[in-house]
**Q** 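Can you keep this structure in mind? I'll have questions shortly.
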Amino acid sequence: MGHKPMDHKTVDREAMARTGTCASLRRATTDLTAVLLALFAVLWASMSIVPLSAAATETIRVGVLKYGTVNWELSTLIDNGIDDANGITVEMVPYASNQATLVALQGGEVDVIVSDWLWVSRQRASGRPYTFVPFSSAVAALMVAPSSAITSLEDLKGRKIGVAGGPLDKGWLTLRGLAESEAGFDPADENEIVFGAPPLLAKKLEQGELDATLNYWHYAARLEAKGFTRILDANDAAIRLGAEGAISAIGYVFDETWADTHRSAMLGFVAASRQTKALLKTSDEAWEALRPAMKAADEATFETLRTRFRQGIPSRPIAAEIADTRHIYALLARVGGEKLVGPATELAPGTFWSALEDGS
C-alpha cells in the first residue's frame, strides 16, 4: 500500500512545532542557566564574606599575672565584646610571675605583656625594640597605722620600713630621692629597710612589726579601707620632684617590629583598652562583674579599690607623660645607677610607642 504524500501545510506545521519545541528548550535552558548562575553568585558571595571577616579579626595574646589587677580591665574588655567591636580578639594568657611574662614576650609566646618603661628603655638601649603604651598611674603608696605619729617624710627617719619590689623598685627610688631633696636624708642609709612580698609586708604593718610600708597600690588600698593612713604615693613624690602630673608607672609592652606588621590590630587593641577604661571609670555596674576577682573582704575595700583604680586611669596628653617620664628617669638613673638603667642615663627614644606620638 503506498503512503499518502504529505501536503506542504502539514510539513510546515510539523516544522514549526519542532522549531517551537527547540526554542522552548533553548529558553528553558537559558532560564535554568541564569538561575544556576544567580545561585552560584549568592553562594560564592556568602562563602567569600565569612573568610574575609574571619581574616580581619586578629588574635592578640596578652600575658598577665594570674591574679593581677590588669585582668580587671581585660576581663571587662572581653566580656563586653569591646575587642570584637575593634576588629580583634583578645586572649589572656596567665603566668605565675612578672619575670615569666617577660620571658614569654621575648620567646614569642605572647604578643603583649604589662611592664614598666624602665625595662623598655633598657631593652631599647641594648638594641631590642620593645615599646610601651600607658596603662595605669596607680602606684605604690607609703602607709602607716592609724595611730602612727608619722605624718611626714621627716618623721620617717630612723623608722623600720617595709618595701615591696626590692631595692631597685621605682617607687622606692623616687621616695629616696624626695627624702634627700626635702628632708636631707637617704632612707637607704638612715632607716631599717625590710624588702618582702607585698601581702607579707601589709600583714606585718597590721601586726605592728613595721612603722611604715611602701606597698603596691592595691595592697595600700586594702590597708586604706581598714583605716590605715596614706602619707604619700610615688606620683606625689614625682610631682614634688618636678613632674607636672601623674606618670603611668606600668603599660602594655610589645615588640615594635611586631606592631609595625600588625599595626591595625595593635591600634585596635589600644582603642579597646581606652574604651574599657572609659567604661570602668563611669559605670559602677561594670564593676559588679569584677567583685569575685577583686576578692574584697567588705564594701569599703571594694569601693576603695575601685576608686584608686579609677584615679590611675591615664588622662594626660602623651607628650606630657613622655616629658615627665624623661625627667623622673634621669632622677632614677642617678639614684639607682647602672644596676637600674644600664649604661643609658636618659630615657631611650621610642620607649613610648611612636604611633601614640603621631596621633594614630
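The structure presented is a predicted model; accordingly, all values stated were derived computationally and were not measured.
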**Q** Considering only heavy atoms from C-beta outward, does the side chain of Pro314 approach that of Ser248 to under 4.5 Å?
**A** yes
**Q** Determine yes or no for a side-chain-to-main-chain donor-acceptor pair under 3.5 angstrom, with Ser283 supplying the side chain and Leu280 the backbone.
**A** no
**Q** Which residue in the set Phe352, Trp117, Trp119 passes ring pair (Phe, Tyr, Trp, His ring centres under 6.0 Å) when paired with Tyr130?
**A** Trp119
**Q** Shortest non-hydrogen contact from Arg124 to Ala348?
**A** CB-CB, 3.9 Å
**Q** Checking side chain to side chain donor-acceptor pair (under 3.5 Å) for the pair Gln275/Asn86: CA distance, chi angles, key distance, verdict?
**A** CA-CA 10 Å; Gln275 291 162 20; Asn86 285 277; 3.0 Å; yes
**Q** Step by step, would you call Ser148 with Thr229 a side-chain contact (heavy atoms from CB on, under 4.5 Å)?
**A** CA-CA 8 Å; Ser148 175; Thr229 302; over 6 Å; no
**Q** Side-chain contact test, heavy atoms from C-beta onward, threshold under 4.5 Å: evaluate it for Val62 versus Val90 and give yes or no.
**A** yes
**Q** Are the side chains of Pro167 and Ile193 in contact, using a 4.5 Å heavy-atom criterion?
**A** no
**Q** Which is it for Asp233 and Arg308 under the salt bridge (Lys or Arg N to Asp or Glu O under 4.0 Å) test, yes or no, and what are the steps along the way?
**A** CA-CA 12 Å; Asp233 66 28; Arg308 291 301 183 185; 5.5 Å; no
**Q** Would you check if there is a donor-acceptor pair between the side chains of Thr89 and Glu58 at a distance under 3.5 Å?
**A** no
**Q** Assess the residue pair Arg306 and Asp284 against the criterion (salt bridge (Lys or Arg N to Asp or Glu O under 4.0 Å)); give the C-alpha distance rounded to whole Å, side-chain angles, the decisive distance to 0.1 Å, and a yes or no.
**A** CA-CA 9 Å; Arg306 182 177 64 193; Asp284 289 347; 3.7 Å; yes
**Q** How about Trp72 and Trp287: do any of their side-chain heavy atoms sit closer than 4.5 Å?
**A** yes
**Q** Can you see which heavy atom on Ala355 is nearest to which on Leu267, and at what distance?
**A** CB-CD2, 4.2 Å
**Q** Can you name the nearest heavy-atom pair linking Ile150 to Asp211, along with the distance?
**A** CD1-O, 3.8 Å
**Q** Go through the steps to decide whether Thr151 and Asp155 satisfy the test side chain to side chain donor-acceptor pair (under 3.5 Å), and finish with yes or no.
**A** CA-CA 6 Å; Thr151 60; Asp155 299 331; 2.9 Å; yes
**Q** Before you tell me yes or no, could you show the steps for Ser273 and Lys277 under side chain to side chain donor-acceptor pair (under 3.5 Å), namely the whole-Å CA-CA distance, both residues' side-chain angles and the distance that decides it to 0.1 Å?
**A** CA-CA 6 Å; Ser273 171; Lys277 286 180 171 67; 2.9 Å; yes
**Q** Say you draw a straight line from CD1 of Ile247 to OG1 of Thr174; how long is it, rounded to the nearest 0.5 Å?
**A** 8.0 Å
**Q** Should Glu209 and Lys160 count as an ion pair when the cut-off is N to O under 4.0 Å?
**A** no
**Q** Begin with the C-alpha distance, continue with both residues' side-chain angles, and end with the deciding distance and a verdict on side-chain contact (heavy atoms from CB on, under 4.5 Å) for Leu175 and Leu232.
**A** CA-CA 9 Å; Leu175 179 66; Leu232 54 75; 4.0 Å; yes
**Q** Taking a hydrophobic cluster as the set of Ile, Leu, Val, Met, Phe, Trp and Tyr residues connected by side-chain heavy atoms closer than 4.5 Å, whether directly or through intermediates, do Leu305 and Leu65 fall within one such cluster?
**A** no
**Q** List the steps, then state whether side chain to side chain donor-acceptor pair (under 3.5 Å) holds for Ser152 with Glu154.
**A** CA-CA 5 Å; Ser152 67; Glu154 289 79 4; 3.1 Å; yes
**Q** Using a 4.5 Å cut-off on heavy atoms from C-beta on, say whether the side chain of Val93 contacts that of Val64.
**A** no
**Q** Between Glu192 and Arg159, is there a salt bridge with N-O shorter than 4.0 Å?
**A** no
**Q** Given ring-ring contact (aromatic ring centres under 6.0 Å, His included), test Tyr252 with Trp353 step by step and report yes or no.
**A** CA-CA 10 Å; Tyr252 289 116; Trp353 191 27; over 10 Å; no
**Q** Closer than 4.0 angstrom, basic N to acidic O: yes or no for Asp111 and Arg61?
**A** yes
**Q** Among the clusters formed by ILVMFWY side chains lying less than 4.5 Å apart, do Tyr216 and Ile113 turn up in the same one?
**A** no
**Q** Give the cluster check for Leu105 versus Tyr95: same hydrophobic cluster or not, with ILVMFWY residues linked at side-chain heavy-atom distances below 4.5 Å.
**A** yes
**Q** Looking at Ala286 and Leu279, what are the two nearest heavy atoms and their distance?
**A** CB-CG, 4.0 Å
**Q** Assess the side chains of Thr301 and Asp298: does a donor N or O sit below 3.5 Å from an acceptor N or O?
**A** yes
**Q** Working to the nearest 0.5 Å, report the span between CG of Leu77 and CG of Asp83.
**A** 5.5 Å
**Q** Enter the distance from Leu356:CG to Ile318:CD1 here, rounded to the nearest 0.5 Å.
**A** 5.0 Å
**Q** Would a 4.5 Å heavy-atom cut-off, applied to side chains only, mark Gln106 and Asp255 as touching?
**A** no
**Q** Check this for me: does any side-chain nitrogen of one of Arg316 and Asp324 sit under 4.0 Å from a carboxylate oxygen of the other?
**A** yes
**Q** With rounding to the nearest 0.5 Å, note down the distance linking OG1 in Thr213 to CG in Leu201.
**A** 6.5 Å
**Q** Measure the spacing between CG of Leu168 and CG of Leu173 and express it to the nearest 0.5 Å.
**A** 6.0 Å
**Q** So Asn71 and Met92, do their side chains get closer than 4.5 Å, heavy atoms only?
**A** yes
**Q** Kindly determine whether Arg230 and Glu224 satisfy salt bridge (Lys or Arg N to Asp or Glu O under 4.0 Å), including the steps that lead there.
**A** CA-CA 7 Å; Arg230 186 185 183 98; Glu224 189 177 359; 3.7 Å; yes
**Q** Does some side-chain heavy atom of Glu288 sit less than 4.5 Å from a side-chain heavy atom of Phe302?
**A** yes
**Q** Report the C-alpha distance between Glu256 and Ser354 in whole Å, list the side-chain angles of each, state the deciding distance to 0.1 Å, and finish with yes or no for side-chain contact (heavy atoms from CB on, under 4.5 Å).
**A** CA-CA 9 Å; Glu256 189 171 21; Ser354 60; 3.5 Å; yes
**Q** Does Phe132 belong to the same Ile/Leu/Val/Met/Phe/Trp/Tyr cluster as Ile328, with side-chain heavy atoms less than 4.5 Å apart forming each link?
**A** yes
**Q** When clusters are formed by joining ILVMFWY residues with side-chain heavy atoms under 4.5 Å apart, either directly or through shared neighbours, do Tyr219 and Phe309 land in the same one?
**A** no
**Q** Begin with the C-alpha distance, continue with both residues' side-chain angles, and end with the deciding distance and a verdict on side-chain contact (heavy atoms from CB on, under 4.5 Å) for Arg222 and Lys226.
**A** CA-CA 7 Å; Arg222 293 179 191 277; Lys226 294 178 179 179; 5.6 Å; no
**Q** Once rounded to the nearest 0.5 Å, what's the spacing between atom CG of Leu156 and atom CZ of Phe185?
**A** 5.0 Å
**Q** Kindly indicate, with the supporting measurements, whether the criterion salt bridge (Lys or Arg N to Asp or Glu O under 4.0 Å) is fulfilled by Glu346 and Arg326.
**A** CA-CA 7 Å; Glu346 297 181 352; Arg326 286 196 182 110; over 6 Å; no
